[in-house]
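Notes to accompany the following structure.
The residues of the chain are indexed from 1 along the displayed sequence.
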Amino acid sequence: MAETKREIERKYESDDSGLPDLTGVAGVAAVLDKGVAELDATYYDTSDLRLAAASITLRRRTGGSDAGWHLKLPVGPGVRDEVQAPLSDTVPDEIARLVRARVREGQLVAVIRLRSDRDVRNLVDHAGRLLAEVSMDAVRAERLFGGEGTAQWTELEVELADGGDPAFLDKVEKRLRKAGVRPSKSASKLARALAETAPRRKRPKPATEPGEPVTAGDHVMAYVRAQRDAIVELDPAVRRDAEDSVHDMRVATRRLRSTFRSFGKVLDRTVTDEVGAELKWLAGELGVGRDQEVLAERLTASLDELSPNLLSGPVRERLDHWAGAGLGGSRRRLLGVLDSKRYLTLLDTLDALVTDPPLRKAAGRKPSKVLAKAVRKDFDKVSALVEEAMEQPPGHDRDLGLHEARKKTKRTRYAAEAALPALGRSAKDLVKSMKSLQTLLGEHQDSVMARTTLRELSAVAHAAGESAFTYGVLYSREEHRAATVEAELPGTWASVWSGMDV
């Protein structure tokens, strides 16, 4: 069974192979010699090094206290999530799935072997608690694929103890710098090994970022590329059920789909509509169970606010049962979707679209006019929907109208986000106002969905001979929430309209 730990570490290099004295670091009471460990690690990647390009490392290591399979996923500078699995001859399925969005139909092959003599020291406080582990690694690298190069070097690594304060690493670094130690130029041992063992004629060029956006097409494609990257980067987190990962991936799919629809003058919709349909499918699969979970949290919070004299019958038990029903099945379904041919094909399609975008004539024009026109068109649709909805009497038709307005508000927000680098302050202000309007309309839609659920739960409770009183109380509160939103909407909309400057 794979386990995950957050790894916070810094790497250094020095012309001196010795470990500097760290007893003078603030908070360190002792430096404990833990001996020398012999480590032997084989790193795996695709033949075109897709994992390395994404700063992901996958290795099988023997020796030391944590022998096994290690998958390291970047979180931030010096921070990675390390997924560990027991030793086996082949890549464990649970590890392979976490890199499937990168590997897809490719094969994982052994690319680098690293053998290290690791001299370990533990930095502990006065209570004997571990603050950090410091190791001096004498590394010998051997290329196994794409060449036969070798390399060797010595590096120093400082890894923060679990639950430690990252500021402690600053104190250690201050001491190391005084001793002439400098931060490593390589993000990882693998990165250094790949660079130093690459055949001279095939030595990889440093990755370059796309140039600064110039045309309307450049701006739109920069936004498209960012959302494609977000989907792929979030894939392992969704598989691990990390907090907010499903929501964030769903938002990325919606942003992409909205961008295709908003900027139809820039990107050919005869191509993007088909991709958009697949993105809609993926967003729907990501939403299975998620919407019910969010709604359950809302109803539970409302129930917690009620005084005891308003509670009648086993409402909480029935709500908990409703909330839990099907969630396990939805989780299994989502994992199946992420392993499906359809999903992997969608990722390939997005890659192809980013590489060779279906640009139209307007894509080559200056962005200010083209993007502003598209954003304004989306805003006009929001305006018409809000005004039309508020002309309806309270009830079903108004609810539907405000829900449509909410969806168009999201699209306008995403369009303004894409145009922000080109349009500047006016787009930034529109993003802010659309986000505020989206929140207000979202609260209204959540109330609509909550009342629908409460009616259903009330009917089930009544049929079982239980009191439906508390459901009615909650329903009344949701009605009040919706009415409050509807009362606030004209003023909010007037503010949005007066501030529109795109």
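Under the 4.5 Å side-chain criterion, counting only non-hydrogen atoms from C-beta, Leu39 is not in contact with Thr62. Counting heavy atoms from C-beta outward, Arg239 and Asp339 have side chains that approach closer than 4.5 Å. Under the 4.5 Å side-chain criterion, counting only non-hydrogen atoms from C-beta, Ile56 is in contact with Pro74. In this structure, Val111 and Asp45 have side chains that are in contact, with non-hydrogen atoms separated by less than 4.5 Å. Under the 4.5 Å side-chain criterion, counting only non-hydrogen atoms from C-beta, Gln84 is not in contact with Leu71. Side-chain contact between Glu173 and Leu169: absent, with no pair of heavy atoms (C-beta onward) separated by less than 4.5 Å. Side-chain contact between Leu335 and Arg331 is present, with at least one heavy-atom pair separated by less than 4.5 Å. Between Leu156 and Leu176 the shortest side-chain heavy-atom distance falls below 4.5 Å.
Under the 4.0 Å criterion applied to side-chain N and carboxylate O atoms, Arg425 and Asp429 are assigned as salt-bridge partners. Look at Glu155 and Lys11 and you find a salt bridge, because one of the NZ, NE, NH1 or NH2 atoms lies within 4.0 Å of a carboxylate O, short of that distance. A salt bridge links Asp40 with Arg113: the distance from a Lys NZ or Arg NE/NH1/NH2 to an Asp or Glu carboxylate oxygen falls below 4.0 Å. Taking 4.0 Å as the cut-off between side-chain N and carboxylate O, Arg6 and Asp162 do not count as a salt-bridged pair. Residues Arg80 and Glu9 are paired through a salt bridge, judged by an N-O separation under 4.0 Å between the basic side chain and the carboxylate. Between Lys189 and Asp137 there is a salt bridge, since a side-chain N of the basic residue sits under 4.0 Å from a carboxylate O of the acidic one. Asp351 and Arg225 are not joined by a salt bridge, as no carboxylate oxygen comes within less than 4.0 angstrom of a charged side-chain nitrogen. Salt bridge annotation for Glu142-Arg115: present, with a cationic side-chain nitrogen under 4.0 angstrom from a carboxylate oxygen. A salt bridge links Arg316 to Asp304: at least one charged side-chain nitrogen sits closer than 4.0 Å to a carboxylate oxygen. A salt bridge is absent between Arg100 and Asp235: the closest approach of a Lys/Arg side-chain nitrogen to an acidic carboxylate oxygen does not fall below 4.0 angstrom. No salt bridge links Glu148 with Arg143; every basic N to acidic carboxylate O contact stays at or beyond 4.0 Å. With respect to the salt-bridge test (charged N to carboxylate O, under 4.0 angstrom), the residues Arg342 and Glu278 qualify. Of the charged side-chain nitrogens involved, none lies within less than 4.0 Å of a carboxylate oxygen, so that Asp170 and Lys174 do not count as a salt-bridged pair.
Sorted by first then second residue, the ring pair (Phe, Tyr, Trp, His ring centres under 6.0 Å) pairs that include residues 57-98, not counting sequence neighbours, are Tyr44-Trp69. Every pair tested for ring pair (Phe, Tyr, Trp, His ring centres under 6.0 Å) that includes a residue from residues 104-136 fails, sequence neighbours excluded, so the list is empty.
When all heavy atoms of Ser116 and Val139 are compared, the pair lying nearest together is OG-CG2, 3.8 Å. Residue Asp117 comes nearest to Glu38 through the heavy atom pair OD1-CG, 3.8 Å, listed as atom of the first residue, atom of the second, then distance. For the residue pair Lys171 and Ala26, the shortest heavy atom distance occurs at CD-O, 3.9 Å. Closest heavy-atom contact between Val275 and Thr349: CG2-CG2, 3.8 Å. Pairing each heavy atom of Pro199 with each of Gly147, the nearest pair is CG-CA, 4.0 Å. Across Arg481 and Ser302, no two heavy atoms sit closer than the pair NH2-OG, 3.4 Å.
Of the inter-residue distances, the one linking Leu299 atom CG with Leu319 atom CG reads 5.5 Å to the nearest 0.5 angstrom. Within the model, atoms NZ of Lys72 and CG of Leu190 stand 10.5 Å from one another, a figure rounded to the nearest 0.5 Å. For the atom pair His247 NE2 and Arg290 CZ, the distance stands at 6.5 Å (nearest 0.5 Å). To the nearest 0.5 Å, the span separating CG on Asp291 from CD on Glu293 amounts to 10.0 Å. With values rounded to the nearest 0.5 angstrom, Thr57 atom OG1 is found 8.0 Å from Leu73 atom CG.
The closest donor-acceptor contact from the side chain of Ser436 to the backbone of Ser433 lies at 3.5 Å or more, if one exists at all. Looking at Arg104, its side chain does come within 3.5 Å of a backbone N or O of Ala101 through a donor-acceptor pair. Side chain of Arg61 to main chain of Ala67: no donor-acceptor pair is present (N/O by atom type, distance under 3.5 Å, no hydrogens or angles). No donor-acceptor pair closer than 3.5 Å links the side chain of Asp165 to the backbone N or O of Phe168. The closest donor-acceptor contact from the side chain of Ser258 to the backbone of Arg255 lies at 3.5 Å or more, if one exists at all. Side-chain atoms of Ser245 do not come within 3.5 Å of backbone N or O of Asp241 as any donor-acceptor pair.
Residues meeting the side chain to side chain contact (heavy atoms under 4.5 Å, CB included) test with Asp248, sequence neighbours left out: Leu234, Asp244. Taking the side chain to side chain contact (heavy atoms under 4.5 Å, CB included) definition, one finds that Asp119 meets it with Asp33, Val36, Arg121, Met136, sequence neighbours left out. Checked against side chain to side chain contact (heavy atoms under 4.5 Å, CB included), Arg192 has the following partners two or more places apart in sequence or in another chain: Glu13, Trp153, Ser186, Glu196. Listed by chain and number, the residues in a side chain to side chain contact (heavy atoms under 4.5 Å, CB included) with Ser262 are Asp378, Arg411, Ala415 (sequence neighbours excluded).
Counted by atom type alone, Tyr343 and Asp348 present zero donor-acceptor pairs between their side chains at under 3.5 Å. Between the side chains of Glu443 and Gln445, no donor-acceptor pair is found at a separation under 3.5 Å. No hydrogens or angles considered: a donor-acceptor pair under 3.5 Å links the side chains of Asp218 and Thr215. Checked by atom type, the side-chain pair Tyr223/Glu417 shows a donor-acceptor distance below 3.5 Å. Under 3.5 Å, the side chains of Arg59 and Tyr43 contain a donor-acceptor pair of N or O atoms. A donor atom on one side chain and an acceptor atom on the other are not found under 3.5 Å apart for Arg406 and Gln438.
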### Message
Show, in sequence, the C-alpha distance, side-chain angles and deciding distance for Lys5 and Asp81, and conclude whether the salt bridge (charged side-chain N to carboxylate O under 4.0 Å, His left out) test is met.
### Response
CA-CA 6 Å; Lys5 61 171 291 188; Asp81 278 345; over 6 Å; no

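Around the CD atom of Glu297, the shell of radius 6.0 Å holds more than 12 heavy atoms that belong to other residues, nucleotides or ligands.
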